[in-house]
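Values reported hereafter were calculated over all heavy atoms of this structure, with side chains retained and with hydrogens, waters and symmetry mates removed. Order of listing sets the numbers, starting from 1, for every ligand and every atom in it. Residue indices begin at 1 and follow the sequence shown.
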Amino acid sequence: MKDETKCLHAGYHPKNAEPRVVPIVQSTTYVYDSTDDVAAVFDDPTKSLIYSRFANPTVMAVEEKIAELEGGVGAMCTSSGQAASLLSILNLCKAGDSFISSHHIYGGTYNLFAFTLKKLGIECIFVNDDATDEELEAAIKPNTKCVFGETIANPALTVYDIERFANFAHKHGIPLIIDNTFATPVLCKPIEFGADIVVHSTTKYMDGHAVQGGGVIVDSGKFDWTNGNFPELTEPDESYHGISYTGTYGKLAYILKARMQLMRDFGMYPAAHSAFLLNLGLETLSVRMKQYCENALKVAKFLKDNENIEEVIYPGLETDKSYKLAQKYLKGASGVISFVIKGGRSQAVKFMDALELASNEVHVADIRTCVLHPASATHRQLTDEQLVAAGINGGMVRFSVGLENVDDIIEDIKKGLAAL
Ligand SMILES: *Cc1c(COP(=O)(O)O)cnc(C)c1O
């Protein structure tokens, strides 16, 4: 099936007289005929459902749909994108291990990697996307367990050279994890370029309507965990009656370990109702992504020619520094644009406050156009000098183009520009 069809049909196949739409199974628990039946589920949790902290039929329908869209063998939903990133790393790293991450990642992920995981004894080594081969090699240590990057970075909007980093990771016997939130599987399927694990904040385009927060981890099933670097996946797990994940589950080892061990212990599983809402968003994902890209490209071209705009960052523009990578990896550059207004912070604020259609909010990738001034919001604690050091210009605006008619969006931007 093609993406448009998977968005509508994957993950749920009703039988005779069953509901057409995936039902919300609002039950924390499941009944069994006998004690032996319960015991059998504990012996092999893939056979049926144990408990809603890590399994629910509504959520699992969505997991299957996303796994099929990404071309993976299995997926596990989480209650936020942050939870997905955290578990994707904890499933491989324990105290004393390290991993490598791109510098160009979401701010929340940066905090998680640079500060919180450090407190847990896991070291993140940040490398530049354009690091030389020598610089990359220098970041590898005997305890390095994975490499992490974002397809389209939020908010830098750089495109990650997935194939290059996949080859680098595989050369060292470790997997590549890709945060594919901004691209979604409609614009990029990282597994086709060698990624082993894909994570998302489903809060963004996948949901698309700003109604649920969530995340997901997808397993390609392609990585060989038996290469000696991952005893936690191959050796008996004493917390799960001595199971070996690779021995028992083969290609599903990573994603089943995440569910049976980490989700069991941390409990960041989404509610059935949230999964139902996410599924509604996923049904139109393919159609929506095409329109976001079309609208955003028009907006980016309009901005590029304006005298009040210093710079437009959008990987779909031929002049953008990520354009070549975008041509290779993306079917479209998503709806998010960053641009810098001449005159810095005060001018950006004037522009933002004159907008009427675009809403000022801490969100991105919504169905409605929304806009954020990083210097006043996500990076508010920083001085102008620190902003520059962090690569954020006081005049920078992050503009998330929605699905309104693009002429109306451009009219609104004109109002902002007129205020300057
Ligand atoms: C928002 C975001 C996250 C975090 O997701 P939440 O659902 O807000 O926890 C992770 N990665 C990227 C690229 C994001 O944009």
Side-chain angles (χ1 to χ4, degrees), residues 59 62-63 66 70 75-90 101-117 124 126 129 148-160 162 176-188 190 195 197-218 263 266-271 274-275 277-278 281-282 285 289 292 296 313 315 322 329-330 333-338 361-367 370-372 374 377-379 392 398-402:
V59 183
V62 174
E63 287 167 343
I66 296 174
E70 285 288 10
M76 181 179 76
C77 282
T78 57
S79 52
S80 69
Q82 285 295 105
S85 303
L86 171 66
L87 295 190
S88 75
I89 300 291
L90 288 187
S101 171
S102 161
H103 262 300
H104 288 157
I105 52 172
Y106 171 65
T109 313
Y110 178 80
N111 283 336
L112 170 67
F113 288 180
F115 303 107
T116 302
L117 285 182
C124 179
F126 291 96
D129 290 1
F148 187 102
E150 284 179 22
T151 313
I152 306 175
N154 174 12
L157 302 185
T158 46
V159 178
Y160 196 59
I162 300 173
L176 175 67
I177 304 176
I178 291 292
D179 181 336
N180 198 32
T181 298
F182 271 17
T184 81
V186 173
L187 301 183
C188 176
I197 307 296
V198 177
V199 298
H200 286 271
S201 164
T202 62
T203 317
K204 313 293 167 52
Y205 285 123
M206 281 193 170
D207 166 42
H209 299 73
V211 290
Q212 67 87 50
V216 69
I217 306 176
V218 183
M263 194 57 90
F266 290 119
M268 308 147 160
Y269 208 56
S274 296
L277 294 172
L278 171 57
L282 287 169
L285 183 68
M289 290 316 293
Y292 286 122
I313 304 160
S322 288
Y329 291 109
L330 306 176
S334 92
V336 189
I337 303 172
S338 286
E361 64 189 54
V362 185
H363 190 39
V364 62
D366 189 12
I367 200 159
C370 57
V371 64
L372 179 87
T378 46
H379 296 74
I392 294 188
R398 190 185 68 187
F399 201 88
S400 175
V401 178

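- A donor-acceptor pair is defined here as one N or O able to donate and one able to accept, closer than 3.5 Å; such a pair exists between the side chain of Thr78 and the backbone of Gly215.
- Taking the ring centre of Tyr292 as origin, the terminal cationic atom of Lys204 falls outside the region bounded by 6.0 Å and 45° from the ring axis.
- In this structure, Asn180 contributes its side chain and Cys188 its backbone to a donor-acceptor pair below 3.5 Å.
- In this structure, the side chain of Ser79 engages the main chain of Met268 through a donor-acceptor pair within 3.5 Å.
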Write 'none' if nothing qualifies; otherwise put on separate lines each N/O atom of ligand 1 with a protein N/O atom under 3.5 Å away and their distance to 0.1 Å.
unit_1, atom_1, unit_2, atom_2, d
ligand 1, 5 (O), Ser201, OG, 3.0
ligand 1, 7 (O), Gly81, N, 2.9
ligand 1, 7 (O), Ser201, OG, 2.8
ligand 1, 7 (O), Thr203, OG1, 2.6
ligand 1, 9 (O), Gly81, N, 3.0
ligand 1, 9 (O), Gln82, N, 2.9
ligand 1, 11 (N), Asp179, OD2, 2.7
ligand 1, 15 (O), Asn154, ND2, 2.9
ligand 1, 15 (O), Lys204, NZ, 2.7

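- Side-chain atoms of Ser338 never come within 3.5 Å of backbone atoms of Ile313 as a donor-acceptor pair (strictly under, hydrogens ignored).
- The shortest distance between side-chain heavy atoms of Val216 and Glu70 does not fall below 4.5 Å.
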